[in-house]
Amino acid sequence: MAVSDEQYDPQALQEKWQARWEALDPFRASEDPDDPRPRKYLLDMFPYPSGDLHMGHGEVFAIADVIARYWFQRGYNVLHPIGWDSFGLPAENAAIRRNAHPAEWTYANIETQATSFRRYGISFDWSRRLHTSDPEYYRWNQWLFNRFFERGLAYRRGGLVNWCPQDQTVLANEQVVAGHCERCGAEVIRRELTQWYFKITDYADRLLDDMAEVQDGWPERVLTMQRNWIGRSEGADVRFRIEGRDEPVTVYTTRPDTLFGATFFVVAADAPLAEEICAPDHLDALIAYRAEVAKLSDIERLATDKEKTGVFLGRYAVNPVSGERIPVWAADYVLSDYGHGAIMAVPAHDQRDLDFALKFGLPVRVVVHTGLADPGESGVATPGEGTLVNSGPLDGLAKTEAITRIVEILRERGTGDAAVNFRLRDWLLSRQRFWGTPIPIIHCADCGEVPVPDDQLPVALPDLRGEALAPKGVSPLASATDWVNVDCPKCGGPARRDTDTMDTFVDSSWYFLRYCSPGDETAPFDVERLKRWGPIDQYVGGVEHAVLHLLYSRFFTKVLYDMGLVGFTEPFLRLLNQGQVINRGKAMSKSLGNGVDLGEQIDAFGVDAVRLTMIFAGPPEDDIDWADVSPAASQKFLARAFRVMAEAGAASAPGADPATGDTELRKVAHRTIDEVTRLVESHRFNVAVARMMELTSAARRAIDSGPGAADPAVREAAEALAVMLSLVAPYCAEEGWERLGHGPTIARAGWPVADPALLVQESVTCVVQVAGKVRDRLEVSPEISEDELRTLALASDKVRAHLDGDPRKVIVRAPKLVNIVP
RNA sequence: GCCCCCGUAGCCCAAUGGCAGAGGCAAACCCCUUAAAAGGGUUCCAGUGUGGGUUCGAGUCCCACCGGGGGCACCA
């Protein structure tokens with residue numbers, strides 16, 4: 001055997017095996033309904049083609065591939081698809097800069113990433129590849145939009161919306177993070193615009209309640225974030241009469257028990273209601289106040305420490321239960337799009353109302369006795385529990401009883417009822433940009449909003465490029481006159497296409513359904529095939545989508561369920577959020593100059609070593625600081641493992657009876673198989689790798705100073721190692737598998753099975769403690785009884801030396817521990 | 001301000017309430033080698049952020065604090 005045969009040359013292995021794997025195509029999922037193998041659906045969040053793959057991709061896909069390859073080895077029919085989330089702004093911005101079409105940049109990047117994925121050795125079923133910017137894909141966005149429209153789940157309305165001045169488009173609430181655009185970071189402003197919405201609020205209750213289905217499969221923090229985002233609250237609607245106005249005004253409150261403590265009334269300054277209510281001689285003040293508020297950015301307006309502002313509207317509201325007259329104010333701390341855009345203010349028990357009352361000298365009346373200082377004097381509201389006072393029929397009641405009682409009273413009088421409110425707003429889906437799915441609506445002067453008939457889909461994007469795409473506040477599509485002007489599908493008269501495109505989160509809300517039947521030309525997905533594959537067994541991706549993509553996908557799934565197209569209500573049974581790859585304690589960035597290039601790492605250490613480093617660095621959820629890990633060390637380990645496989649392969653042929661091999665090594669191998677199996681199942685991949693390292697060392701010792709490379713136990717260990725290692729380092733494992741005399745591919749080798757007979761230990765070391773200190777160790781049978789062990793322990797000389805008479809207590813945990821309390 | 005997660009050798013990380021160390025990095029040394037690299041091996045290193053509590057027994061459970069990370073923050 002030549003030494004060079006045992007040398008581990010990652011680059012050579014990559015070249016050799018990548019081509020062979022592509023020919024063998026071992027990861028194609030079977031659609032044969034008679035395939036007896038149980039199915040598993042593993043999904044990675046599909047990439048946006050921003051350039052080549054980066055370190056973050058390297059981590060997610062390495063992690064997900066461990067799970068996918070494990071399932072393949074366990075004999076599942078695995079669906080592990082790949083596609084690209086290829087609509088979106090960066091392509092458009094690049095196209096403007098280069099005077100090109102967004103498709104050029106997009107599809108070039110997709111090819112680059114696809115090539116990198118193939119080299120990275122991920123176990124994809126490439127036959128299902130999709131790109132959301134293909135007309136064959138976005139056609140179905142439009143088809144789905146039409147279905148939503150028919151059901152009243154897609155509608156157009158005017159209102160204040162979030163506008164990103166940088167990207168020149170509106171944004172959904174979910175895409176505004178702390179007042180800034182989620183994508184570009186610019187400060188978001190409010191504009192009054194007529195836009196398309198999806199009625200996700202109709203599903204608020206189910207989005208909340210169905211979380212029970214994934215309670216055990218999703219990270220707690222993602223569930224918490226979604227719960228907070230949906231923001232369900234329970235309370236009551238209360239109708240107040242406004243003097244000088246026929247229509248009463250309804251307010252929502254979570255504390256109807258404090259109704260008697262309402263000392264003023266506030267409407268959102270920006271709501272139309274404010275001017276409707278406003279007394280004529282106060283209108284100038286309101287208009288002036290509105291102008292002041294409009295000058296503020298959202299950041300300033302929403303700052304919690306901002307001083308309260310407002311203006312009296314010259315009107316009084318009448319408390320429906322006490323009959324008390326209270327002044328009506330307009331203020332910007334009341335939001336026009338939550339509840340009814342108006343509140344009853346109870347300064348004693350709500351800090352915001354108290355701040356306002358103190359600023360404007362409004363009365364503060366305690367109606368819940370909490371035992372704390374009077375808020376009117378302390379300046380601190382008392383929102384907690386207590387006994388009702390100054391509240392007529394509620395006096396003496398505790399909070400929950402008072403709420404029940406007051407709701408009864410309101411109901412009897414017809415001035416209110418229990419109510420539920422959500423923080424969740426409808427999903428604004430229009431975008432004033434080009435590189436997205438055209439909204440398939442035609443506006444006709446006579447017929448109104450007319451959907452483009454299904455048989456005329458897709459409404460393809462017109463061919464615009466370069467300067468024509470520059471943001472100008474209205475969609476670039478508006479300038480494509482030939483495209484815009486069409487005949488109304490209903491009456492045939494002149495009409496105009498809607499010129500906005502859809503939020504690209506629409507694309508990703510159902511792509512996982514399309515993977516089951518990517519080429520389907522008659523439907524977005526094949527219902528029968530989806531029944532076999534769905535829902536997704538394991539989803540892997542970043543936590544940044546906790547309330548974006550994941551919430552929208554859950555919404556889509558529920559709508560499609562109601563349409564009878566999907567057989568499940570939750571799309572993702574288990575969710576794994578991988579950590580980030582950082583460098584020297586900080587996120588990689590150009591400005592910090594601490595970027596690490598995935599391609600360069602692979603060139604230097606090989607695909608397997610990079611993947612192994614990602615997996616071995618720590619738990620998958622944790623961030624990896626690339627400065628703390630060593631791909632060079634990973635490469636060394638792989639070389640070591642490779643030599644074990646190569647030497648075992650050279651010394652023996654397949655088929656030897658392992659039972660004739662060295663028992664000690666066999667025990668190590670089988671214990672490793674057993675543990676690695678459990679560790680992979682529980683996603684503790686870093687520990688699984690540590691076990692593989694131990695097995696490699698044990699095999700090394702067996703070859704060098706034990707029974708030798710030809711021993712069947714060495715072969716058995718090397719073969720098991722190869723298969724386990726193939727989850728993380730497929731090239732090294734495949735070559736090792738070949739050296740061990742097996743044909744390609746190791747992907748079909750099958751997971752090793754631990755022999756229970758080799759897992760039992762003949763003896764266990766039992767620790768004997770006296771008062772918690774170890775005083776003796778006994779070699780005992782694993783099956784020893786408690787009584788036997790107690791007798792044995794008490795008979796020990798070393799133990800007796802520390803005992804003074806009879807022990808008070810003896811705790812026996814057979815077979816591993818005895819603790820004697822003297 | 002409120003809520004959640006995490007603090008274990010110089011570093012990354014293990015440890016069903018039961019002997020604090022599985023694995024790796026770094027360091028030192030030995031073997032192999034003409035030499036170096038590669039390879040093989042040995043050794044060094046913390047009492048688990050701090051202070052209480054529960055328990056026969058706490059890194060693990062509870063409370064408070066300190067430090068780091070994350071989420072929410074006028075939603076009535």
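What you are looking at is a predicted structure, and each value in this text was computed from that prediction instead of being measured. Numbered from 1 within each chain, the chains take letters A, B, ... in sequence-line order.
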Salt bridge or not for [X] and [Y], using N-O below 4.0 Å?
{"X": "A/D337", "Y": "A/R425", "value": "yes"}
{"X": "A/R227", "Y": "A/E220", "value": "yes"}
{"X": "A/K359", "Y": "A/D355", "value": "no"}
{"X": "A/R290", "Y": "A/D270", "value": "no"}
{"X": "A/K306", "Y": "A/D332", "value": "yes"}

If you measure from the [atom1] atom in [N] to the same atom in [M], how many Å do you get, rounded?
{"N": "B/C13", "M": "B/U8", "atom1": "C1'", "value": "9 Å"}
{"N": "B/G24", "M": "B/G67", "atom1": "P", "value": "36 Å"}
{"N": "B/G59", "M": "B/C3", "atom1": "P", "value": "28 Å"}
{"N": "B/C11", "M": "B/U50", "atom1": "C1'", "value": "23 Å"}
{"N": "B/A22", "M": "B/A9", "atom1": "C1'", "value": "15 Å"}
{"N": "B/G53", "M": "B/G17", "atom1": "C1'", "value": "15 Å"}
{"N": "B/G71", "M": "B/C65", "atom1": "P", "value": "23 Å"}
{"N": "B/C12", "M": "B/A27", "atom1": "C1'", "value": "16 Å"}

### Query
Between A/Q226 (side chain) and A/A546 (backbone), is there a donor-acceptor pair under 3.5 Å?
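Checked: pair present.
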
Just checking [X]: base, sugar-phosphate only, or nothing, at a heavy-atom cut-off of under 4.0 Å?
{"X": "A/V774", "value": "sugar-phosphate"}
{"X": "A/E220", "value": "nothing"}
{"X": "A/T224", "value": "nothing"}
{"X": "A/S233", "value": "sugar-phosphate"}
{"X": "A/R227", "value": "nothing"}
{"X": "A/R221", "value": "sugar-phosphate"}
{"X": "A/R691", "value": "base"}

Which whole-number value in Å describes the distance from [X] [atom1] to [N] [atom2]?
{"X": "A/I703", "N": "B/G39", "atom1": "CD1", "atom2": "P", "value": "15 Å"}
{"X": "A/I582", "N": "B/G70", "atom1": "CD1", "atom2": "C1'", "value": "13 Å"}
{"X": "A/Q769", "N": "B/U55", "atom1": "CD", "atom2": "C1'", "value": "13 Å"}
{"X": "A/F685", "N": "B/C13", "atom1": "CZ", "atom2": "P", "value": "17 Å"}
{"X": "A/I230", "N": "B/G71", "atom1": "CD1", "atom2": "P", "value": "18 Å"}
{"X": "A/D628", "N": "B/U8", "atom1": "CG", "atom2": "P", "value": "12 Å"}
{"X": "A/R643", "N": "B/G40", "atom1": "CZ", "atom2": "P", "value": "5 Å"}
{"X": "A/R584", "N": "B/C12", "atom1": "CZ", "atom2": "C1'", "value": "17 Å"}

### Query
Within a reach of under 6.0 Å around CD of A/Q351, are more than 12 heavy atoms found that belong to other residues, nucleotides or ligands?
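Yes, the 6.0 Å shell around CD holds more than 12 heavy atoms from other groups.
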
### Task
Please state whether the phosphate of B/A22, meaning OP1 or OP2, lies under 4.0 angstrom from any side-chain nitrogen or oxygen of A/R671.
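No, outside the criterion.
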
### Message
With a 4.0 Å cutoff (strictly under), does any side-chain N or O of A/N686 reach OP1 or OP2 of B/C12?
### Response
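The answer is no; no side-chain N or O of A/N686 sits under 4.0 Å from OP1 or OP2.
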
Counting heavy atoms from C-beta on, name the nucleotide in [options] closest to the side chain of [X].
{"X": "A/T254", "options": "B/C72, B/A14, B/A76", "value": "B/A76"}
{"X": "A/S630", "options": "B/C74, B/A14, B/C25", "value": "B/C25"}
{"X": "A/K636", "options": "B/G39, B/A15, B/C74", "value": "B/G39"}
{"X": "A/K809", "options": "B/C74, B/C56, B/G18", "value": "B/C56"}
{"X": "A/V629", "options": "B/C12, B/C56, B/G40", "value": "B/C12"}
{"X": "A/V821", "options": "B/C13, B/G41, B/C56", "value": "B/C56"}
{"X": "A/E694", "options": "B/C56, B/G23, B/G40", "value": "B/G23"}
{"X": "A/A690", "options": "B/A14, B/C19, B/G23", "value": "B/G23"}
{"X": "A/F616", "options": "B/G24, B/G39, B/C74", "value": "B/G24"}
{"X": "A/D350", "options": "B/A76, B/G23, B/G71", "value": "B/A76"}

If we call it a pair only when both distances are under 3.5 Å in a Watson-Crick or G-U wobble match, what pairs with [N]?
{"N": "B/G7", "result": "B/C66"}
{"N": "B/G1", "result": "B/C72"}
{"N": "B/C19", "result": "none"}
{"N": "B/U42", "result": "B/A28"}

### Query
When rounded to the nearest 0.5 angstrom, what distance separates CG in A/D776 from NE2 in A/H802?
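The NE2 atom of A/H802 is 10.5 Å from CG of A/D776, to the nearest 0.5 Å.
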
Kindly list each side-chain donor-acceptor pair under 3.5 angstrom involving residues 807-815 of chain A, sequence neighbours excluded, with atom names and distances?
unit_1 : atom_1 : unit_2 : atom_2 : d
A/R808 : NE     : A/P822 : O      : 3.3

### Query
Is there a donor in the side chain of A/D237 and an acceptor in the side chain of A/T250, or the other way round, less than 3.5 Å apart?
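Side-chain D/A pair, A/D237 to A/T250: absent.
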
### Task
Return the residues of residues 327-338 of chain A meeting this criterion: a heavy atom under 4.0 Å from some atom of RNA chain B. Order them by number, or give none.
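Heavy-atom contacts with RNA chain B come from A/Y333, A/V334, A/L335, A/Y338.
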
Check if the side chain of [X] and the base of [N] share a donor-acceptor pair of N or O atoms closer than 3.5 Å.
{"X": "A/N819", "N": "B/C56", "answer": "yes"}
{"X": "A/R813", "N": "B/G18", "answer": "yes"}
{"X": "A/K816", "N": "B/C19", "answer": "no"}

#### Entry: Toward the 5' end of RNA chain B, by each residue's nearest nucleotide, A/M344 or A/V177
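It is A/V177, whose closest nucleotide lies nearer the 5' terminus.
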
### Query
Want to settle it: does A/G339 or A/N228 sit nearer the 5' end of RNA chain B, counting the closest nucleotide to each?
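Residue closer to the 5' terminus by nearest nucleotide: A/N228.
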
### Message
Restricting to side chain to side chain contact (heavy atoms under 4.5 Å, CB included), what partner residues turn up for A/A357, sequence neighbours left out?
### Response
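A/A357 satisfies side chain to side chain contact (heavy atoms under 4.5 Å, CB included) with A/F264, A/P347, A/L362, A/V364 only.
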
#### Entry: B/G47, syn or anti by chi within 90 degrees of zero
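Here B/G47 takes the syn form, which means its glycosidic angle is within 90° of 0.
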
### Task
List the steps and the verdict of salt bridge (charged side-chain N to carboxylate O under 4.0 Å, His left out) for A/D674 and A/R678.
CA-CA 7 Å; A/D674 182 57; A/R678 282 204 301 262; 3.0 Å; yes

